[in-house]
Visitor: 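First, the structure itself, so that you have it in front of you.
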Amino acid sequence: MKTRWVQNGIFTLVDDVTIALTPPERGFYWIDAGVEDLEILQPLFHLHDLAVEDCLSEEEQRPKIEFYDSHYFIVINSIRFDDEEIFLRALNLFLSRHVIITVTRQKINELRALKPFLWEEEVNSADRFLYHLVDLVVDNYVAVGDRIEAKIEKLEEDILVATKKSHLNEIIGLRSEILWLKKVLVPQRDVIGTLGKKELRLIDHQLQKYFGDIYENAVKIVDTFDTLRDLMGNLREAYQSSVANRANEIMRVFTATSTIFMPLTFITGVFGMNFDNILGLHVAHGDEIVLAFMGALGIGMYVLFRKKEWL
């Protein structure tokens with residue numbers, strides 16, 4: 001657990017977390033904690049039992065906002081995409097007038113990327129800290145959406161060039177993750193909408209307009225992932241069509257090959273009968289003549305099939 005006094009975007013580490021109980025003359029306190037630190041923080045800052053219980057729960061928490069007497073409890077999900085799998089990491093926030101507490105189980109990239117924004121904007125309040133953090137989280141969803149779209153386009157190209165069985169597993173896996181992510185995006189959009197529209201005593205009225213801008217981006221993200229879901233359906237149809245076309249191509253080659261060998265098999269069958277009086281049986285070089293005729297017939301049929309693009 002780290003306690004920082006933030007004044008005009010400048011961070012100062014505080015050794016004793018109890019100092020954050022007293023409002024500073026300027027700025028606010030940011031307590032970056034893990035779930036194990038809630039045992040200390042709950043009695044100090046009177047964190048609600050239900051909110052703490054949600055933080056400690058091993059089950060996945062949906063994005064939400066809850067209002068208590070002295071603080072708000074907000075849950076949003078940070079996203080990470082490593083080209084193979086999508087990861088969501090819960091970011092639990094306790095917002096009061098002069099303190100913001102972030103509680104996480106894993107490292108959140110947005111928290112590490114937040115400091116330059118706070119310094120540049122000379123952030124001096126906990127609600128503005130919340131704004132920049134939520135803005136970074138939403139921007140990261142946009143970046144992940146762009147990467148997923150690029151992956152879908154690459155997968156489509158690979159399918160059209162050379163279809164593989166592994167492509168189907170990629171399609172199914174990516175589509176299921178997009179559908180799963182879509183279930184999270186809607187409540188997260190609603191949480192951001194609440195921050196931007198509802199009159200909240202712990203958030204400055206002017207700042208709510210900026211939350212409204214983030215809400216518009218969140219709506220676009222939901223629409224984007226709807227589009228990605230549709231693209232995955234189209235990609236699966238493209239895969240099935242490619243497999244069907246490949247099967248038809250193989251069957252066409254087999255059929256043409258069988259057709260070429262059919263008259264050759266007939267000729268060998270005729271001259272292979274056990275009768276003495278067979279036409280050409282006793283002709284000099286008869287076997288060579290028949291083999292040459294069979295070769296010419298096979299090559300002629302092959303050339304004909306190639307000309308008609310049957311092979």
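It should be emphasised that the depicted structure is a prediction, and the values quoted were computed from it without experimental measurement.
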Visitor: side-chain contact (heavy atoms from CB on, under 4.5 Å) for Leu38 and Val103? Distances and angles first, verdict last.
Guide: CA-CA 8 Å; Leu38 288 172; Val103 181; 3.9 Å; yes

Visitor: Taking only residues two or more places apart in sequence or in another chain, which ones pass salt bridge (Lys or Arg N to Asp or Glu O under 4.0 Å) with Arg62?
Guide: none

Visitor: Atom CD in Glu39, atom CG in Leu56: separation rounded to 0.5 Å?
Guide: 9.5 Å

Visitor: Is there a donor-acceptor pair under 3.5 Å between the side chain of Arg147 and the backbone N or O of Phe81?
Guide: yes

Visitor: Let's go through Leu231 and Leu228 carefully: what are the C-alpha distance in whole Å and the side-chain angles of both, what is the deciding distance for side-chain contact (heavy atoms from CB on, under 4.5 Å) to 0.1 Å, and is it a yes or a no?
Guide: CA-CA 5 Å; Leu231 288 177; Leu228 294 177; 4.2 Å; yes

Visitor: Flag this pair as yes if the NZ/CZ of Arg80 is under 6.0 angstrom from the six-membered ring centre of Phe87 and inside a 45 degree cone about the axis; otherwise no.
Guide: yes

Visitor: Which pairs, with at least one residue in residues 17-38 and sequence neighbours excluded, count as a side chain to side chain donor-acceptor pair (under 3.5 Å)?
Guide: Asn8-Arg26, Asp16-Thr18, Trp30-Thr102, Asp32-Thr102

Visitor: So which heavy atom on Phe225 is nearest to which on Gly145, and how close?
Guide: CZ-CA, 4.1 Å

Visitor: Considering all heavy atoms of both residues, which atom of Pro187 and which atom of Pro63 are nearest to each other, and what is their separation?
Guide: CB-O, 3.8 Å

Visitor: Taking the side chain as C-beta and beyond, is there a heavy-atom pair between Thr3 and Leu13 under 4.5 Å?
Guide: no

Visitor: With a 4.5 Å heavy-atom cut-off, do Val17 and Ile31 have their side chains touching?
Guide: yes

Visitor: Is it true that Gln42 and Asp49 share a donor-acceptor pair across their side chains at a distance under 3.5 Å?
Guide: yes

Visitor: Are Leu179 and Leu88 connected in the hydrophobic side-chain network, where two residues link if heavy atoms are under 4.5 Å apart?
Guide: no

Visitor: Can you list the residues that meet the side chain to side chain contact (heavy atoms under 4.5 Å, CB included) rule with Ile10, with sequence neighbours excluded?
Guide: Trp119

Visitor: Kindly work out whether a path of hydrophobic side-chain contacts (I/L/V/M/F/W/Y, heavy atoms less than 4.5 Å apart) joins Tyr131 to Val219.
Guide: yes

Visitor: Quick one: closest heavy-atom pair of Asp127 and Phe211, and the distance?
Guide: O-CZ, 4.3 Å

Visitor: Is there side-chain contact between His132 and Leu118, with at least one heavy-atom pair below 4.5 Å?
Guide: yes

Visitor: Which residues pass the salt bridge (Lys or Arg N to Asp or Glu O under 4.0 Å) test with Asp54, not counting sequence neighbours?
Guide: Lys64

Visitor: Could you state the interatomic distance from CG (Asp69) to OG (Ser96), rounded to the nearest 0.5 Å?
Guide: 13.0 Å

Visitor: Going through the distances and angles, do Gln208 and Tyr210 end up as a side chain to side chain donor-acceptor pair (under 3.5 Å)?
Guide: CA-CA 5 Å; Gln208 288 180 339; Tyr210 292 93; over 6 Å; no

Visitor: Is it possible for you to say whether Val123 and Phe94 belong to one hydrophobic cluster, with membership spreading through side-chain heavy-atom contacts below 4.5 Å?
Guide: no

Visitor: Within the structure provided, determine whether Phe129 and Val6 are in side-chain contact (heavy-atom separation under 4.5 Å).
Guide: no

Visitor: Assess whether side-chain contact (heavy atoms from CB on, under 4.5 Å) is satisfied between Leu185 and Tyr141, documenting all intermediate values.
Guide: CA-CA 9 Å; Leu185 286 173; Tyr141 274 88; 3.4 Å; yes

Visitor: Please answer whether the main-chain N or O of Lys220 pairs with a side-chain N or O of Thr224 as donor and acceptor at a distance below 3.5 Å.
Guide: yes

Visitor: Can you confirm whether Lys182 is buried at NZ, in the sense that more than 12 heavy atoms of other residues, nucleotides or ligands lie under 6.0 Å from that atom?
Guide: yes

Visitor: Is the closest side-chain heavy-atom distance between Phe28 and Asn124 below 4.5 Å?
Guide: no

Visitor: Which distance, rounded to the nearest 0.5 Å, do you find between the CG of Leu202 and the NE2 of His98?
Guide: 11.5 Å

Visitor: Could you list the residues that satisfy salt bridge (Lys or Arg N to Asp or Glu O under 4.0 Å) with Arg229, not counting sequence neighbours?
Guide: Asp226

Visitor: Show the nearest heavy-atom pair for residues His71 and Leu47, with the distance to one decimal.
Guide: CE1-CA, 3.6 Å

Visitor: What's the separation between atom CG in Asp135 and atom CD1 in Ile214, rounded to the nearest 0.5 Å?
Guide: 4.5 Å

Visitor: Centre-to-centre under 6.0 Å for His48 and Tyr68, is that the case here?
Guide: yes

Visitor: Kindly indicate whether the side chain of Val75, heavy atoms from C-beta on, has any atom under 4.5 Å from the side chain of Leu91.
Guide: no

Visitor: Do any N or O atoms from the side chain of Glu66 and from the backbone of Tyr72 form a donor-acceptor pair under 3.5 angstrom?
Guide: no

Visitor: From Leu207 CG over to Leu195 CG, what is the distance, rounded to the nearest 0.5 angstrom?
Guide: 9.5 Å

Visitor: Please tell me if the side chains of Glu149 and Thr227 come closer than 4.5 Å, counting only heavy atoms from C-beta onward.
Guide: no

Visitor: Given Arg89, which of Glu110, Gln106, Arg105 fulfils the side chain to side chain contact (heavy atoms under 4.5 Å, CB included) condition?
Guide: Gln106

Visitor: To the nearest 0.5 Å, how far apart are CG in Leu93 and SG in Cys55?
Guide: 9.0 Å

Visitor: Considering all heavy atoms of both residues, which atom of Ala113 and which atom of Pro116 are nearest to each other, and what is their separation?
Guide: O-CD, 3.3 Å

Visitor: Should Phe73 and Phe67 be counted in the same cluster of Ile, Leu, Val, Met, Phe, Trp and Tyr side chains packed under 4.5 Å apart?
Guide: no

Visitor: Give the cluster check for Val14 versus Leu114: same hydrophobic cluster or not, with ILVMFWY residues linked at side-chain heavy-atom distances below 4.5 Å.
Guide: no

Visitor: Check the surroundings of atom CZ in Phe11: do more than 12 heavy atoms from other residues, nucleotides or ligands lie under 6.0 Å from it?
Guide: yes

Visitor: Please report the shortest heavy-atom distance between Ile108 and Ala90, naming the atom on each side.
Guide: CD1-O, 4.4 Å

Visitor: Hey, mind stepping through Ile74 and Val191 against side-chain contact (heavy atoms from CB on, under 4.5 Å) and telling me if it holds?
Guide: CA-CA 8 Å; Ile74 304 168; Val191 169; 4.1 Å; yes

Visitor: Quick one: salt bridge (Lys or Arg N to Asp or Glu O under 4.0 Å) partners of Lys107, sequence neighbours excluded?
Guide: none

Visitor: With a 4.5 Å cut-off on side-chain heavy atoms, are Thr104 and Asn92 touching?
Guide: no

